[in-house]
Amino acid sequence: MKKFLVCLIAVMFVLSASTAMAASAENFHEMFTKGGTSGWLKANWWNREFDNVDPDHVTLNFGMKLKFDAAVYNGFTFRAGFYANEDFGLNDPDADERQYGLLGQNGTDGQFDRYQTWGEYYLRYTWQATSFTIGSEELKTGGFSFWPARMIPMTYENVNIVNKSIKGLKLHGGYVWAVRDTATPDFKDVSEDGWFWAEGDYRGIKGARINMGYFYYTDSAWALNLHATYKAKMNKDWGYNVFGLYKLLGENNDDDYDSYSAGFRAGLSYAGHKLEGQYAWIGDESDRMPRGAFKAVQIQINGVEEADEDGWAIVYGYKFGGAAKGLSAGVTYAEFDRTANDRQELDLELRYRPKAGMFKYSDFRVRYAAVDEDNNGSGNLDDFRFYYTYSF
């Protein structure tokens, strides 16, 4: 608790002072004095209620991220990012409910186990259009994601290279040796020999994005991931978007693993309205890409990732204007055809990101999911989540 309060005071100090984006430094001292600070404060309340005898999951958590980005000196810069996760004693599980482990780690007695950790710490060197990074950071690629919906995001200890010599094309790849998951302060080695990846991301055509990557997860599988999207306006009011994904999966540990995953999305937009259809399917064996990898259809509870599974979803969203600008609402209905138990999920979402006033830089988000499992297993549940984030 004391550590968290000290960090919170530090954040308040940062908010009361003027901060600058990372700039060029003339000497080593100016790497610090011209550096910039940023981060967020969070409050999340999640409640999952099961139809069977399983205890409900309830958690109210508070979190923070505070990071410092040094100014660039002779091509070098660095980042130090600190995370904290706290409940201030407001969670009190009993016989009928327990800690919601997706937001924080569970102690040995089932109580919330607070933690603080260094999440990001890396050194980066940039020469012309190429940068070299070593350390821990949040990654966002076809094979790695930091899962921002969680209280504390995932971070990866890695070394990577990024090249942007060709206009619109980002080439990057690297090696990951450890991962810190969303509900723990500790890093865990991913395997004895680590993970490798190489990826190309092309955005040189207006409205289009083409991404292709190769991921080698030692002791698990390899994946060749290709996805592309295109967005365009037909006129002032009407627009459309299309998306496709194909992922080839294979063995690298002599167990005859061979599968694939595919999916597509297509949607129309009119003024503030959006209507989209989604469909995905998978081959004879489940998707072995690790937690945090890109999925074609992934909503609040379910995703298409099991062997011989296919799923579809219909999504409707609306962005308000006028005095309610910054407010959006959405509904998603999805069905998942699985070998064991088929599932249906209904999602409702309301989100408000004020554009002005005292709550500017705030993000209020409410999500509700109702899941029905055909065989009346633990998949029958209601899941309610409230997120609040203040970014600075």
Working to the nearest 0.5 angstrom, can you tell me the gap between [X] [atom1] and [Y] [atom2]?
X: Leu346; Y: Asp382; atom1: CG; atom2: CG; value: 10.0 Å
X: Leu381; Y: Arg48; atom1: CG; atom2: CZ; value: 5.5 Å
X: Asp87; Y: Asn44; atom1: CG; atom2: CG; value: 13.0 Å
X: Thr389; Y: Lys65; atom1: OG1; atom2: NZ; value: 12.0 Å
X: Leu350; Y: Ser328; atom1: CG; atom2: OG; value: 7.0 Å
X: Leu268; Y: His273; atom1: CG; atom2: NE2; value: 12.5 Å

- Going by the side-chain hydrogen bond (donor to acceptor under 3.5 Å, both in side chains) test, which pairs reach into residues 177-187, not counting sequence neighbours?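 Qualifying pairs: Thr155-Arg180, Glu157-Trp177, Asp181-Arg291, Thr182-Arg291.
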- Task: Name all pairs fulfilling the side-chain hydrogen bond (donor to acceptor under 3.5 Å, both in side chains) condition that reach into residues 235-249, sequence neighbours left out, sorted by first residue then second.
- Result: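 Sorted result for residues 235-249: Lys247-Asp287.
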- Between Arg209 and Asp201, is the closest basic N to carboxylate O distance under 4.0 Å?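 Between Arg209 and Asp201 there is a salt bridge, with a charged N closer than 4.0 Å to a carboxylate O.
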- Message: So that I can tick it off, tell me whether Arg124 and Glu137 are bridged by a salt bridge, with the cut-off set at under 4.0 angstrom between side-chain N and carboxylate O.
- Response: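 Answer for the salt bridge query: yes.
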Would [X] and [Y] count as a close aromatic pair, with their ring centres under 6.0 Å?
X: Tyr368; Y: Phe384; value: no
X: Trp312; Y: Tyr279; value: no
X: Tyr214; Y: Trp197; value: no
X: Trp46; Y: Tyr387; value: yes
X: Tyr122; Y: Phe78; value: no
X: Phe144; Y: Tyr156; value: yes

[atom1] of [X]: more than 12 outside heavy atoms within 6.0 angstrom?
X: Tyr316; atom1: OH; answer: yes
X: Lys140; atom1: NZ; answer: no
X: Phe320; atom1: CZ; answer: yes

- Query: Are Phe32 and Tyr73 connected, step by step, through hydrophobic side chains (Ile, Leu, Val, Met, Phe, Trp, Tyr) whose heavy atoms are closer than 4.5 Å?
  - Reply: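 Same cluster.
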- Task: Would you kindly confirm whether Phe146 and Trp118 end up in one hydrophobic cluster when ILVMFWY residues are joined by side chain heavy atoms under 4.5 Å apart?
- Result: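 No; tracing contacts between hydrophobic side chains, which count when under 4.5 Å, never links both residues.
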- Item | Pairwise side-chain contact, Asp347 with Tyr333, heavy-atom cut-off 4.5 Å (strictly under) |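 No. Closest side-chain heavy atoms not under 4.5 Å.
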- Message: I want to check something: taking the side chain as every heavy atom from C-beta on, are His172 and Thr141 in contact at a cut-off of under 4.5 Å?
- Response: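 Answer yes - side chains close enough.
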- Message: Distance alone, cut at 3.5 Å: any donor-acceptor contact between the side chains of Asn341 and Glu373?
- Response: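 Yes, Glu373 and Asn341 have a side-chain donor paired with an acceptor closer than 3.5 Å.
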- Closest approach of Ala313 to Thr332 (non-hydrogen atoms, all atoms of both residues):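 Smallest interatomic distance, heavy atoms only, reads CB-CG2, 4.2 Å.
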Say whether, by atom type as modelled, one donor and one acceptor occur between the side chain of [X] and the main chain of [Y] under 3.5 angstrom.
X: Asn61; Y: Leu103; value: yes
X: Thr59; Y: Tyr100; value: yes
X: Glu345; Y: Asn302; value: yes
X: Lys274; Y: Val315; value: no
X: Ser362; Y: Tyr390; value: no
X: Glu120; Y: Glu138; value: yes
X: Asn211; Y: Tyr202; value: no
X: Glu199; Y: Gly142; value: yes
X: Ser259; Y: Glu285; value: yes

Ignoring hydrogens and angles, write down the donor-acceptor pairs under 3.5 Å from the side chains of residues 161-170, residues two or more places apart or on other chains.
from: Asn163; atom 1: OD1; to: Ser165; atom 2: N; distance (Å): 3.1
from: Asn163; atom 1: OD1; to: Ser165; atom 2: OG; distance (Å): 3.1
from: Asn163; atom 1: ND2; to: Thr130; atom 2: OG1; distance (Å): 2.6
from: Asn163; atom 1: ND2; to: Ser165; atom 2: OG; distance (Å): 3.0

- Query: In chain order, what residues pass the salt bridge (Lys or Arg N to Asp or Glu O under 4.0 Å) check against Glu349, with sequence neighbours excluded?
  - Reply: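 Testing Glu349 for salt bridge (Lys or Arg N to Asp or Glu O under 4.0 Å), a comparison that skips the adjacent residues, returns Arg365, Arg367.
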- Task: Just jot down the salt bridge (Lys or Arg N to Asp or Glu O under 4.0 Å) partners of Glu305, sequence neighbours excluded, or say none.
- Result: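 Glu305: salt bridge (Lys or Arg N to Asp or Glu O under 4.0 Å) contacts with Lys295.
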- Task: Could you work out the complete set of other residues in the hydrophobic cluster of Leu245, with links drawn between I, L, V, M, F, W and Y side chains under 4.5 Å apart?
- Result: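 Phe243, Phe294, which link up through side-chain heavy atoms under 4.5 Å apart, make up the rest of the cluster.
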- Query: Would Asp255 and Arg288 satisfy salt bridge (Lys or Arg N to Asp or Glu O under 4.0 Å), going step by step from the backbone distance to the final call?
  - Reply: CA-CA 13 Å; Asp255 65 354; Arg288 285 193 183 177; 2.8 Å; yes
